[in-house]
Amino acid sequence: MELRLYDTLSREKRTFVPLDANNVRMYVCGPTVYDFAHIGNARPVIVFDVLFRLLRHLYGEAHVKYVRNITDVDDKINDRAARDFPGLPLNEAIRKVTEQTGKQFHADVDALGCLRPTVEPRATEHIGEMREIIERLVAGGFAYVAEDHVLFSPQAMNAANSVLPRYGALSNRSLDEMIAGARVDVAPYKKDSTDFVLWKPSKPGEPSWPSPAGIAAHGRPGWHIECSAMAWKHLGEHFDIHGGGIDLVFPHHENEVAQTCCAFHRERMANTWMHNGFLQVEGEKMSKSLGNFITIHELLADWPGEVLRLNMLKTQYRSPIDWTMKSLEESAKTLDDWYRVAADVAPGKPAASVIEPMLDDLNTPQVIAALHGLRSDAAALSGSLRLLGFLAESAAQWEGRKQQASGVDATEVERLIAERTAARSRKDFRESDRIRDLLAAMGVAIKDSKEGTTWEVAR
Ligand code: AMP
Ligand code: ZN
């Protein structure tokens, strides 16, 4: 069975063949750490975690390298630092913001059942690599210095007669159209409207580093060069998979390809480009002004992380997803059932019926349908769910957490059930019905069988 993945660049599903099966390499653009991550940000994290797990299953855990960066130099970080810590020197305030936000991000995505990437590089620790790429680009005639900035010229790239890809190929845009559609108020230091920033001067007090390309003033990198540098350092000039949300195709990924391919005279940066679709909430675009902006942190107060994970995977990663309360409730019920059936069972081999749709460009809706079909084979269900990052808890922990969340006192429930059993055995059905109704009012559902009475918190 072969893995097939949709590639944004060639716009088709293709068989995945790693450059080196002993070292399968994937880069995914990570968060800019200035605020709590929202549930839309959780989508790429979960989707590429599923792919990471699948690749480890196919090629062996030691043979897959997953790099997801942390962007810790950015205007939004500076603004937040100045706002939240006005009494501190800016650089100290920035450290506080990035540390706190980074920790929160880890807590959130750990709770979503995501493995940590193999490497989690920080932009500020890769300034040397950024400078080196920038200097190569200037030397190659793809970039130029102007007013303490370094700018990349897509027109120089497309004029070069070489192996390079065409600027615009990834996002399927033509450079001529970009030029025609450019804004009129282009920064004065740009030769052409489509030129983008590789390096810029820092304002006084802002983080700054020695500049490349002979610029005397200290400065800081543009956003796009950060990913080219970190991917190069940890995965090399050319690697297997590059991922992120669909909004990153242009300009971020288009510019990453341009920088990397021009610096290293390469035809490609990554062999497969993967992009997840966007998430909206209850049929509306998520935005702070609409008041429907939900953080992962807030959702985790009401739902176990695995419920959020399952809910995300009910939609295939390339489609838009509508995040609704109704769907979350269904996901919670499904997981309650799977925990009861499979959590305490020794895991068997993941089922072929689950692996097959996974190999088809991560067709997770089909995977979930297959999981429903495995209820009668608890070992296979257990093994399959674990492969997908579920069943981190025992059945008792899962049930206990629900009780805690619902405020149900398990000891009191057990006592009432014992009273009800006693009432039934003396045929006092009025009393036994009264206790059952009382339990129902507490949100507890009971089930009688030959073995006795079991109970659970009804959601
Ligand atoms: P940002 O912090 O905005 O750069 O986003 C981090 C990651 O989350 C990127 O891969 C984005 O493409 C992705 N992302 C942001 N918003 C959404 C959304 N509403 N739905 C899906 N992915 C998103
Ligand atoms: Zn990136």
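All ligand and atom numbering here is 1-based and tracks the order in the structure. Just so you know, residue 1 is the first one in the sequence shown, and it goes up from there.
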Legend entry - Check: Arg375 side chain, Asp337 main-chain N or O, donor-acceptor pair, under 3.5 Å: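 A pair under 3.5 Å: no.
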Inset, instruction - Examine distances only and state if a side-chain atom of Asp148 and a backbone atom of Pro201 form a donor-acceptor pair shorter than 3.5 Å. - result: no
Looking only at protein heavy atoms, which one is nearest to [atom], and what is the separation?
{"atom": "atom 13 (C) of ligand 1", "value": "Pro44 CG, 3.8 Å"}
{"atom": "atom 17 (C) of ligand 1", "value": "Phe278 CZ, 3.4 Å"}
{"atom": "atom 16 (N) of ligand 1", "value": "His38 CE1, 3.3 Å"}
{"atom": "atom 21 (C) of ligand 1", "value": "Gly40 O, 3.3 Å"}
{"atom": "atom 9 (C) of ligand 1", "value": "Leu248 CD1, 3.8 Å"}
{"atom": "atom 10 (O) of ligand 1", "value": "Gly245 N, 3.1 Å"}

Inset, instruction - Could you confirm whether Cys227 has any N/O/S atom lying under 2.8 Å from the Zn ion (ligand 2)? - result: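 Here the distance criterion (N, O or S atom, under 2.8 Å) is met by Cys227, so yes.
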Inset, instruction - Taking the Zn ion (ligand 2) as the vertex, measure the angle between atom NE2 in His252 and atom SG in Cys29; round to 10°. - result: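 Output for this angle: 120°, rounded to tens.
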[X] to [Y], cation-pi by 6.0 Å centre distance and 45° axis angle:
{"X": "Arg43", "Y": "Tyr317", "answer": "no"}
{"X": "Arg173", "Y": "Phe250", "answer": "yes"}
{"X": "Arg56", "Y": "Tyr59", "answer": "no"}

Could you tell me whether [X] and [Y] make a salt bridge, using a distance below 4.0 angstrom between a side-chain N and a carboxylate O?
{"X": "Asp72", "Y": "Arg122", "value": "yes"}
{"X": "Asp360", "Y": "Lys13", "value": "yes"}
{"X": "Arg116", "Y": "Asp49", "value": "no"}

Inset, instruction - Only one of Asp110, Ile70, Asp35, Val45 passes side chain to side chain contact (heavy atoms under 4.5 Å, CB included) with Phe105; say which it is. - result: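 That would be Val45; it is the only one of Asp110, Ile70, Asp35, Val45 passing the side chain to side chain contact (heavy atoms under 4.5 Å, CB included) with Phe105.
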Legend entry - Option passing side chain to side chain contact (heavy atoms under 4.5 Å, CB included) with Glu254 (candidates Ser171, Pro165, Pro154):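 Exactly one option meets the side chain to side chain contact (heavy atoms under 4.5 Å, CB included) with Glu254, and it is Ser171.
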Legend entry - Enclosure of Gln404 CD (heavy-atom neighbours >12, cutoff 6.0 Å):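 No, because the 6.0 Å sphere around CD of Gln404 holds 12 heavy atoms or fewer from other groups.
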Inset, instruction - Report the name of the N/O/S atom of Glu256 located nearest to the Zn ion (ligand 2). - result: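 Checking each N, O and S atom of Glu256, the shortest distance to the Zn ion (ligand 2) belongs to OE2.
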Legend entry - Heavy-atom nearest option to atom 11 (C) of ligand 1, drawn from Val249, Val33, Asp247: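 Selected option, by shortest heavy-atom distance: Asp247.
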Inset, instruction - Look at atom 5 (O) of ligand 1 and find which of Thr32, Ile39, Asn41 reaches it with the closest heavy atom. - result: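 Minimum heavy-atom distance to atom 5 (O) of ligand 1 goes to Asn41.
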Inset, instruction - Would you mind telling me if ligand 1 is within reach of the side chain of Gln280, the backbone, both or neither, using heavy atoms under 4.0 Å? - result: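 The answer is neither.
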Legend entry - ligand 1 versus Thr71: contacting region, heavy-atom distance under 4.0 Å: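 Neither; no heavy atom under 4.0 Å.
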Inset, instruction - Within a distance under 4.0 Å of any heavy atom of Asn276, pick out the atoms of ligand 1 and give their elements. - result: 21 (C), 22 (N)
Could you tell me whether some N/O pair between [X] and ligand 1 is separated by less than 3.5 angstrom?
{"X": "Gly244", "answer": "no"}
{"X": "Cys29", "answer": "no"}
{"X": "Leu279", "answer": "yes"}

Legend entry - Gly277 near ligand 1 by a heavy-atom separation under 4.0 Å: yes
